[in-house]
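Working notes for the structure below.
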Amino acid sequence: MNQKFDVLVIGGGNAALCAAISARRAGASVLVLEGAPKFYRGGNTRHTRNMRCAHDAATDILTGPYTEEEFWDDLLRLTGGQTDEELAKFMIAESKDILNWIVEQGVRWQPSLGGTLSLGRTNSFFLGGGRAMLNALYLTAERLGVEIVYDAEVIDLEIEQGMFLSAKLKQPIDGVSDIRASALVAAAGGFEANIEWLKQYWGEAADNFLIRGTPYNRGSILKMLLDKGVQDIGDPTQCHAVAIDARAPKFDGGIITRHDSVVFGIVVNKHAQRFYDEGEDIWPKRYAIWGRLVAAQPDQIAYIIFDSTVVTSFMPTLFSPIAGATIGELAGKLELDPAALEKTITDFNAAVRPGTFDHTILDDCRTEGITPPKTHWARRIETPPYLAYPVRPGITFTYLGIRVNRQARMVMKDGKPSANMFAAGEIMAGNVLGKGYAAGIGMTIGSVFGRVAGREAAKNARNW
């Protein structure tokens, strides 16, 4: 720890490892500080399973092309234009090479998946999931000579006029030490696990939020950087948030608590009232709106209601649905007003118009004369037993972050680029994601900007 490294990487997930490997392959000496214990290394990457990258033709693992133009159109639509166009298009262009580069680092892909995911053409899935992907990256980093320290809590950063000088490291056994490096890569995630920080923007509602991923992403590095002159980016109330089972643990429930059943039924709040179009768009492009929608409901609770005809239509979760032989019985188990729920479902069924159901496209099964409408995949709920999942907002990661340029170099509050500080992953995702989300984009941001940050940090270190 007494030596001066070329590149210090703070974080231990996909973005951090891509940065470390990239810097090491560029000839730099690299130290990675992972704040979590070894078993929990990897931040939210442990819970991921796929990445969205542009490609011009079908491959062994992808069923067709996903052009840069289509990727950009998807990103523009899901963010409502709230994205840095230059950085976003740069990321999309760079993503085309990531598919092969990540394999060169030991990560393996599996054949495309079908079903309700509808991602076989756009997204590549990691063989063995996110943890297997992480293990491959760590193995490659270690073989290359990257040094890695776990339980490594950074408690302060010494920064002068946009230049990183050292980091103060606190470890359970070795105590406090100063780490010097010629360049810094911050890849330490957002602040989603910091409930008190969330409450500054969401109020008491944040107490009802569940955190899908790591409890270690408390935003300490983000806060230090912002306090020391790095320019911020993004709305602090925006985040990647989905509807997850209300019975999930407060932290680290992962992907097995997420519900993909919304499009097959209706969603009601604690007053048994529908509040949004459940059939607005293809699920991978719209699933991430439901966390924010539920967060806006009374007591941040909602219920996905469906019947027995669709139970095999979507990916099951860790928790079994709650069942009732009648709508009234189901309402009682959910502690909802039976009359109110019966009226909501009766009105919905009366509004359903016949069509040809196809969950893979924007079909013609819709409602008419009801608010909110269900514009696609609307079918009557009439076959017992009736089933429901209670859901709460599941926060994946926050979008308040630090501004970077195309070199992944941090931008200071005076508008000037930092002398030697770079960032990748969730800590800078707000540059690309002003709001909204589509499956696999978080991993794309991490891999692309991690690779760039490591390469640029190594180049920067050589020039000092």
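- In this view, Trp72 satisfies the ring pair (Phe, Tyr, Trp, His ring centres under 6.0 Å) rule with no residue, not counting sequence neighbours.
- The aromatic rings of Tyr40 and Tyr216 are tilted relative to each other, their planes meeting at an angle between 30° and 60°.
- Under the side-chain hydrogen bond (donor to acceptor under 3.5 Å, both in side chains) criterion, Asn269 pairs with Gln297, not counting sequence neighbours.
- For Tyr389, the ring pair (Phe, Tyr, Trp, His ring centres under 6.0 Å) criterion is met by His259, Phe306, not counting sequence neighbours.
- Note on ring orientation: taking the six-membered ring where Trp is involved, the planes of Tyr437 and Tyr287 are perpendicular (angle over 60°, cut-offs 30° and 60°).
- Looking at Arg409, its side chain never comes within 3.5 Å of a backbone N or O of Pro417 through a donor-acceptor pair.
- Considering only residues two or more places apart in sequence or on other chains, Phe209 meets the ring pair (Phe, Tyr, Trp, His ring centres under 6.0 Å) condition with Trp202.
- With Ser22 contributing its side chain and Ala19 its backbone, the two residues share no donor-acceptor pair below 3.5 Å.
- Salt-bridge formation is detected for the pair Arg258/Asp260: a Lys NZ or Arg NE/NH1/NH2 atom is positioned less than 4.0 Å from an Asp or Glu carboxylate oxygen.
- Using modelled atom types, one finds a donor on one side chain and an acceptor on the other under 3.5 Å when comparing Ser447 with Asn14.
- Counting only residues at least two apart or in different chains, ring-ring contact (aromatic ring centres under 6.0 Å, His included) contacts with residues 76-113 comprise Trp109-Phe126.
- Looking at Glu70 and Arg121, a side-chain N of the basic residue comes within less than 4.0 Å of a carboxylate O on the acidic one, giving a salt bridge.
- For Lys413, the NZ atom is densely surrounded, since the number of other residues' heavy atoms within 6.0 Å is greater than 12.
- For the residue pair Asp277/His376, the side-chain donor-acceptor check at 3.5 Å is not satisfied.
- Salt bridge Asp178/Lys168: present, at least one basic N to carboxylate O contact under 4.0 Å.
- To the nearest 0.5 Å, atom NZ of residue Lys228 and atom CG of residue Asp156 are 4.5 Å apart.
- Using a distance-only test at 3.5 Å, with no hydrogens or angles considered, a donor-acceptor pair links the side chain of Asn420 to the main chain of Phe164.
- Side-chain atoms of Asn431 do not come within 3.5 Å of backbone N or O of Leu87 as any donor-acceptor pair.
- One N or O on the side chain of Glu278 and one on the backbone of Val267 form a donor-acceptor pair closer than 3.5 Å.
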Name every donor-acceptor pair, under 3.5 Å, that has one atom in a side chain of residues 237-244 and the other anywhere in the protein, sequence neighbours excluded.
residue, atom, partner, partner atom, Å
Thr237, OG1, Asp235, OD1, 2.9
Thr237, OG1, Asp235, OD2, 3.2

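- One side chain, Thr396 or Arg212, offers a donor N or O that lies under 3.5 Å from an acceptor on the other.
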